[in-house]
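Structure first, commentary second.
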Amino acid sequence: MASTALRLRRIGAIAAAATTAASVAFTVSVSSNDRGISVAPEIQGKVSDLNAVVPPRRAQISSLAGSTADKPLDMLVIGGGATGCGVALDAATRGLRVGVVEREDFASGTSSRSTKLIHGGVRYLEKAVFNVDYGQLKLVFHALKERKQLIDNAPHLCHSLPCMTPCFGWFEVVYYWAGLKLYDIVAGARLLHLSRYYSAQQSIELFPTLTRMGNDRSLKGTVVYYDGQMNDSRLNVGLACTAALAGASVLNHAEVISLLKDEVDGRIIGARIHDNLSGEEFDTYAKVVVNAAGPFCDFVRKLADTAAQPMISPSSGVHIVLPDYYSPEGMGLIVPKTKDGRVVFMLPWLGKTLAGTTDSNTAITMLPEPHEDEIQFILDALTDYLCIKVRRTDVLSAWSGIRPLAMDPTAKNTESISRDHVVCEDFPGLVTITGGKWTTYRSMAEDAVDAAIKSGKLKADECKTHNLILTGGYGWDPANFTVIAQQYVRTKKTSDGRTVPGVMDTAVAKHLSQAYGTLAERVASISQNEGLGKRLAHGYPFLEAEVAYCARYEYCESATDFIARRCRLAFLDTDAASRALPRVIEILAAEHKWDKSRKNDEFKKAKEFLETFKSSKNAQFHDGKHK
């Protein structure tokens, strides 16, 4: 009776929340972030021009090194992840002189190792209802607004995805149906698609590998709702390139080794930067420095003050990639509560199945590696919900990402760790932005730029990124791939030096369109005219032409830059990425004029990188029941 009463109270709480959600949604949608003005046509035209190319790396270095104490940049951003590149884009479109530097590559850290979901936070909504937490409810409203905006602003890289929640009891059916209907209501006008219930039979037809029996209980049906999905690192690279086209100076493989301080008042006025490719060092002066270094924010803060108190609580998320037959194309599976209470998902992604994630404490490191017990946890969780054998040997790739959960160092109570973002200026001239999630990167950047403008007393326009479509996205249509398939061929060089034409098949054409948007024809032209139409790996649509294109137009400076972040082969199939590596290096060497020593170094570094991806090919493990 007690458990029944508790269940009824839960459903009652959801119903009560639903009755107030509509009015709250209206209030929030009117009052929050509709304050931004529309993007100016000249800005949109500049970043959408199909003939525009980003400035070369040397020009970006000259721009950063050319700043002086008398003529500083308005803003210098440290960190080239989603937030850092978002800050640079926001500032540039407001008319500010801005530069952004990244120690490794754009999206080399957390921003390439996400769940690939663009979501409002179903779990946070549940907590908001049962804890009667209006503040957390507002966070969900805001995230759902940004979810729709992100999909609209990068349509070639983002799309809506139906996610199925299996129910093995009738209470679960009612509970999840009511909760996800509330999620729909909270989304309001920015709803992607309505959630709905499917019977057990309908569910099996939609998701054939779903089990009919789970923990000795029969499947009663499923509730399907919608969130967004993205190609995270390509989205991050798109942000960097869009910022460059808008006037920002963007530079990867450039590390901040110290901060410059005013000799009179100690204010941060710039940074000493080391070019990790050439070994050169130079000073960049700025009126404000924005620290957007993700999990490494505290390292930057300690450059300002060695006694700085930590504000990052790192959390590890592990993901694995399985063959496509584990999940149907176009339908994800969300397990809302596993044996230990964590959520596990299984999503179709770039022709494979992505599963995860864990959420556990971790140490901050440049190349985090997944622990075998975390991989086994994901496999165990999937076993309970699938009718097929879940095998460790099927794991094509496995990786770990570090999420920077934030504590506000200026808050009186630092006991609770925020799932929201934090903006603070605990050292004059150094604004830190951290926490949050991929979905809300744009509004995080807006808040950081607002704080930087206030700190530096800068004159700038209001935020203009609300409706700014990223490079490759303006005018893109899902049917654009047909133009590539019909009008281009893939020419390939044979072993004896001859060039032979090949078909631009549908799989390749779709991949190019979805990865590069309206710029895909540039890649197709290289494939056709330069004999670089061969696939880099059997069974994958990635072309040799993409390596050349990314080296020329996307600041791809290393083999790892390409296999991990320009194309996603390292994340999809570690073994295939390893096989493609020699050819990738050969093409990059021709583009960047590398000598033999540099090529050998690139091969060694890329191999070391791939060894951190614990696929079944490069990991030592005990099969247990997942043989």
Side-chain angles (χ1 to χ4, degrees), residues 82 107 109-119 121-124 161-166 207 209-210 227-233 235 295 314-328 331-362 365 367-386 388 390-405 419 437-439 564-565 568 570-574 612-616 619 621 626:
T110 305
S111 297
S112 63
R113 297 167 179 261
S114 74
T115 63
K116 325 303 178 195
L117 282 174
I118 310 169
H119 64 102
V122 173
R123 286 182 299 161
Y124 305 150
L161 178 71
C163 298
M164 178 177 284
T165 304
F207 206 111
T209 54
L210 181 64
D227 260 329
Q229 190 178 48
M230 62 181 166
N231 186 337
D232 54 1
S233 71
L235 182 57
S315 174
S316 170
V318 171
H319 304 77
I320 64 175
V321 171
L322 299 162
D324 58 349
Y325 57 75
Y326 272 80
S327 64
M331 179 67 75
L333 183 73
I334 305 290
V335 178
K337 190 170 289 187
T338 56
K339 293 174 181 177
D340 67 354
R342 288 184 284 185
V343 175
V344 166
F345 61 81
M346 192 170 72
L347 311 170
W349 184 63
L350 300 182
K352 299 297 179 185
T353 298
L354 174 66
T357 177
T358 60
D359 188 7
S360 55
N361 295 330
T362 187
T365 177
L367 287 176
E369 298 185 28
H371 294 294
E372 187 59 34
D373 58 347
E374 294 177 304
I375 296 173
Q376 293 292 341
F377 164 78
I378 296 171
L379 296 174
D380 285 341
L382 296 181
T383 298
D384 293 336
Y385 289 87
L386 299 181
I388 62 174
V390 179
R391 305 182 303 180
R392 179 61 174 88
T393 51
D394 284 338
V395 176
L396 300 171
S397 183
W399 73 88
S400 175
I402 301 174
R403 183 178 181 185
L405 302 181
R419 291 274 172 170
K437 57 185 179 180
W438 237 118
T439 305
R565 294 172 288 272
R568 309 311 307 275
F571 286 81
L572 291 170
D573 188 333
T574 305
T612 67
F613 286 66
K614 302 303 181 183
S615 70
S616 60
F621 60 90
H626 301 297

Side chains of Pro370 and Ile320: does their closest heavy-atom pair fall under 4.5 Å?
no
Heavy atoms, side chains only, cut-off 4.5 Å: are Leu382 and Leu322 in contact?
yes
Just verifying a value: how many Å separate Thr165 OG1 and Tyr385 OH, rounded to the nearest 0.5 Å?
10.0 Å
Which residue is it: Ile375, Leu354, Leu347? I am looking for the one with a side-chain contact (heavy atoms from CB on, under 4.5 Å) to His319.
Leu354
Please report the closest heavy-atom contact between Ile378 and Val318, naming both atoms and the distance.
CD1-O, 3.4 Å
Donor-acceptor pair, side chain of Ser233 and main chain of Ser112, under 3.5 angstrom:
no
Check the orientation of Trp399 and Phe571. Use parallel for under 30°, tilted for 30 to 60°, and perpendicular for over 60°.
perpendicular
Shortest non-hydrogen separation from Arg391 to Asp394 and the atoms involved:
NH2-OD1, 2.7 Å
Going through the checks in order, is the salt bridge (Lys or Arg N to Asp or Glu O under 4.0 Å) test met by Asp232 and Arg568?
CA-CA 10 Å; Asp232 54 1; Arg568 309 311 307 275; 2.7 Å; yes
Is the closest side-chain heavy-atom distance between Leu572 and Leu396 below 4.5 Å?
no
Do you know which two heavy atoms are closest between Thr383 and Leu379, and how far apart they sit?
OG1-O, 2.8 Å
Okay, side chain of Ser615, backbone of Val395: is any donor-acceptor separation there less than 3.5 Å?
no
Give me the atom names and distance for the closest heavy-atom approach of Pro295 to Ile402.
CG-O, 3.7 Å
Can you tell me if Ser400 uses its side chain to pair, donor with acceptor, with the backbone of Pro368 under 3.5 Å?
no
Please test Glu372 against Lys614 for salt bridge (Lys or Arg N to Asp or Glu O under 4.0 Å), starting from the C-alpha separation and ending with a verdict.
CA-CA 8 Å; Glu372 187 59 34; Lys614 302 303 181 183; over 6 Å; no
Please assess Ile334 against Val343 for the test side-chain contact (heavy atoms from CB on, under 4.5 Å), listing each intermediate value before the final yes or no.
CA-CA 7 Å; Ile334 305 290; Val343 175; 4.1 Å; yes
What's the separation between atom CZ in Arg342 and atom CZ in Arg123, rounded to the nearest 0.5 Å?
11.0 Å
Is there a side-chain contact between Glu374 and Ser316 (heavy atoms, below 4.5 Å)?
yes
Look only at the side chain of Thr612 and the backbone of Glu369, and say whether a donor-acceptor pair between them is shorter than 3.5 Å.
no
Of all heavy-atom pairs between Thr362 and Pro314, which one has the smallest distance, and what is that distance?
O-CG, 3.2 Å
To the nearest 0.5 angstrom, please state how far the NZ atom of Lys116 sits from the OG1 atom of Thr357.
10.5 Å
Spatial distance of atom CG (Leu117) from atom CE (Met230) [nearest 0.5 Å]:
8.0 Å
Just do the side-chain contact (heavy atoms from CB on, under 4.5 Å) check on Thr209 and Tyr326 with the steps written out, would you?
CA-CA 7 Å; Thr209 54; Tyr326 272 80; 5.7 Å; no
dist Thr338:OG1 -> Asp384:CG (nearest 0.5 Å) comes out at 9.0 Å
Do you know which two heavy atoms are closest between Gly401 and Arg113, and how far apart they sit?
CA-CB, 3.8 Å
Evaluate the side-chain proximity of Met346 to Leu386: yes if any heavy-atom separation is below 4.5 Å, no if none is.
yes
Please answer whether the main-chain N or O of Ala570 pairs with a side-chain N or O of Ser397 as donor and acceptor at a distance below 3.5 Å.
yes
dist Ser315:OG -> Asn361:CG (nearest 0.5 Å) comes out at 6.5 Å
Check: Trp438 and Leu235 side chains under 4.5 Å, non-hydrogen atoms:
yes
